[in-house]
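Everything on this sheet refers to the single structure shown next.
Below, chain A is the first sequence line, B the second, and so on; all start at residue 1. Every value quoted in this text rests on a predicted model; they were computed, and no experiment measured them.
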Protein chains: 2
Amino acid sequence: MTDTPLPAPEGTQAALIAAGLHLFGRNGFAATSTRDLAARAGANVASIAYHFGGKEGLRHACLKEVARRMRAVLSGADSIPGTPEAAARQLEGMLRALVFFLTTAKESADLVAFMLREIAEAGPGLADVYQDLIEPRHRAVCALWAAATGQDPESEDVRISVFAFIGQAIYFRIGRPIVERRLGWSEIGPAEAEKIADRLTLHLRAILAERPAP
Amino acid sequence: MTDTPLPAPEGTQAALIAAGLHLFGRNGFAATSTRDLAARAGANVASIAYHFGGKEGLRHACLKEVARRMRAVLSGADSIPGTPEAAARQLEGMLRALVFFLTTAKESADLVAFMLREIAEAGPGLADVYQDLIEPRHRAVCALWAAATGQDPESEDVRISVFAFIGQAIYFRIGRPIVERRLGWSEIGPAEAEKIADRLTLHLRAILAERPAP
DNA sequence: TGAAATCAATCAATCGTTTGATTAAAGTTG
DNA sequence: CAACTTTAATCAAACGATTGATTGATTTCA
């Protein structure tokens, strides 16, 4: 990348988006008032309508910001290794990174919370993020999965398996309060994320090694 | 309190709770107004305060209703089979039932949506449901899992595995719009639930069969 | 008749948004 | 360079609409 195709917001706009990611993600869209947003951003209430056209516009700007930051993180890792073993190892690395990103990533905590809530609420504008972010990534993981198992990359089985593969990691974030309680953890830190990642890696290996009976 | 331990609500109360499960689950707690609730229940707005003390009281009543209905569904199936193979088969049956319950169950659609949203929002009163519902069920599945794999029922590994086991199924509900889009499904009906359950059953078998290297 | 339940009407509070004034920097003109 | 205009941005204040809750009268039914 030479020049940034998607410029990072600055000043008041950036502060409002950061406030939106935090409050929308923590309390939900409807439960967050424009005054709360402005207070957290250190801005005036009117600046929301001025910069984004309204509260819904700020929500959309937050979505775009998530897509922008995610794209920067997820760039690369699109090459398919030659051997199934290498593909499997790459999947294991992605799983571990995903678990840590979802459960412990400090600077992206607001991003994750906002994105998961947006998915759960199925808010407008989710379609764009799906097209730009989710689908390409899912497709890439499917290719890896196919390379590791010898299946057809675009078969229904592979797509379902990849969703399950990602979904089990996501649950440890969505159901975090429940997981912490049941495991007796005060929080999910690096040590706990390690345990989760180790366990899920074992699951992944078992699934990848499994072959349907001839 | 009468002699029935948990009486089913009737009349206006039942209608309001049904409206709460539907609207809270579909749009979230904050985004649902008392007027919307009353309109859907065919009741007066004041009846919410009269019967439940307020909007928050209705939310709590909905939680209790979920617990009541869930308890009825999940009763039984607490016996641990003698052989690992039988335990594995029982886990497979539970997985299939869970997938169908989450994705296609018609009469419980509102229940599921409400419960998942309550978990995601981490609303008050969740602690009670955890104690009465989630923890005992999770513990029972852990016992089954341990019986199928020979592990310690209360070990951290088993608890994490069971969360992953349940979590992957839950994701097909939370991320349903995304799954439908990626799979090219117009909806997740019985046929699609079957495909998901089949695939997840294969995963489960592979994980249960896997044994750590000596 | 009397307690339980429902009703229309209304309450103060909060919501998202709009307004017009104010500031400061950039641009324009003689 | 000074004087004026233009523009983008921020601000306090207020707008109408909607929120959850409450009131007191009315209905229902035992």
Donor-acceptor pairs are to be reported for all side-chain atoms of residues 20-32 of chain B against protein atoms at under 3.5 Å, with residues two or more places apart or in another chain.
| residue | atom | partner | partner atom | Å |
| --- | --- | --- | --- | --- |
| B:His22 | ND1 | B:Asp110 | OD1 | 3.0 |
| B:His22 | ND1 | B:Asp110 | OD2 | 3.2 |
| B:His22 | NE2 | B:Arg40 | NH2 | 3.4 |
| B:Thr32 | OG1 | B:Leu23 | O | 3.3 |
| B:Thr32 | OG1 | B:Gly28 | O | 2.7 |

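A salt bridge (Lys or Arg N to Asp or Glu O under 4.0 Å) check over residues 168-183 of chain B, counting only residues at least two apart or in different chains, returns the pairs A:Glu154-B:Arg182.
Contacts between residues 26-36 of chain B and DNA chain D, counted as heavy-atom distances below 4.0 Å, involve B:Thr32, B:Ser33, B:Thr34, B:Arg35. DNA chain C is contacted by B:Ala43, B:Asn44, B:Ala46 of residues 42-49 of chain B, taking any non-hydrogen atom closer than 4.0 Å.
For A:Pro153, the side-chain contact (heavy atoms from CB on, under 4.5 Å) partners are A:Ala146, not counting sequence neighbours. For the salt bridge (charged side-chain N to carboxylate O under 4.0 Å, His left out) test, no residue two or more places apart in sequence or in another chain qualifies with B:Glu192. By the side chain to side chain donor-acceptor pair (under 3.5 Å) test, B:Ser155 is found to be paired with no residue, residues two or more places apart in sequence or in another chain being considered. Residues forming a salt bridge (charged side-chain N to carboxylate O under 4.0 Å, His left out) with A:Asp198 (at least two apart in sequence, or on another chain): A:Arg96. For the salt bridge (charged side-chain N to carboxylate O under 4.0 Å, His left out) test, no residue two or more places apart in sequence or in another chain qualifies with A:Arg117. Taking the side-chain contact (heavy atoms from CB on, under 4.5 Å) definition, one finds that A:Ile170 meets it with A:Leu102, A:Leu116, A:Ile166, A:Ile174, B:Tyr171, sequence neighbours left out.
Boundaries of the chain A contact region on DNA chain D are D:dA8 to D:dA14, first to last in 5' to 3' order (nucleotide atom under 4.0 Å from a heavy atom).
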Table of protein N/O atoms under 3.5 Å from nucleotides 2-5 of chain C N/O atoms:
| residue | atom | partner | partner atom | Å |
| --- | --- | --- | --- | --- |
| C:dA5 | OP2 | B:Tyr50 | OH | 3.0 |

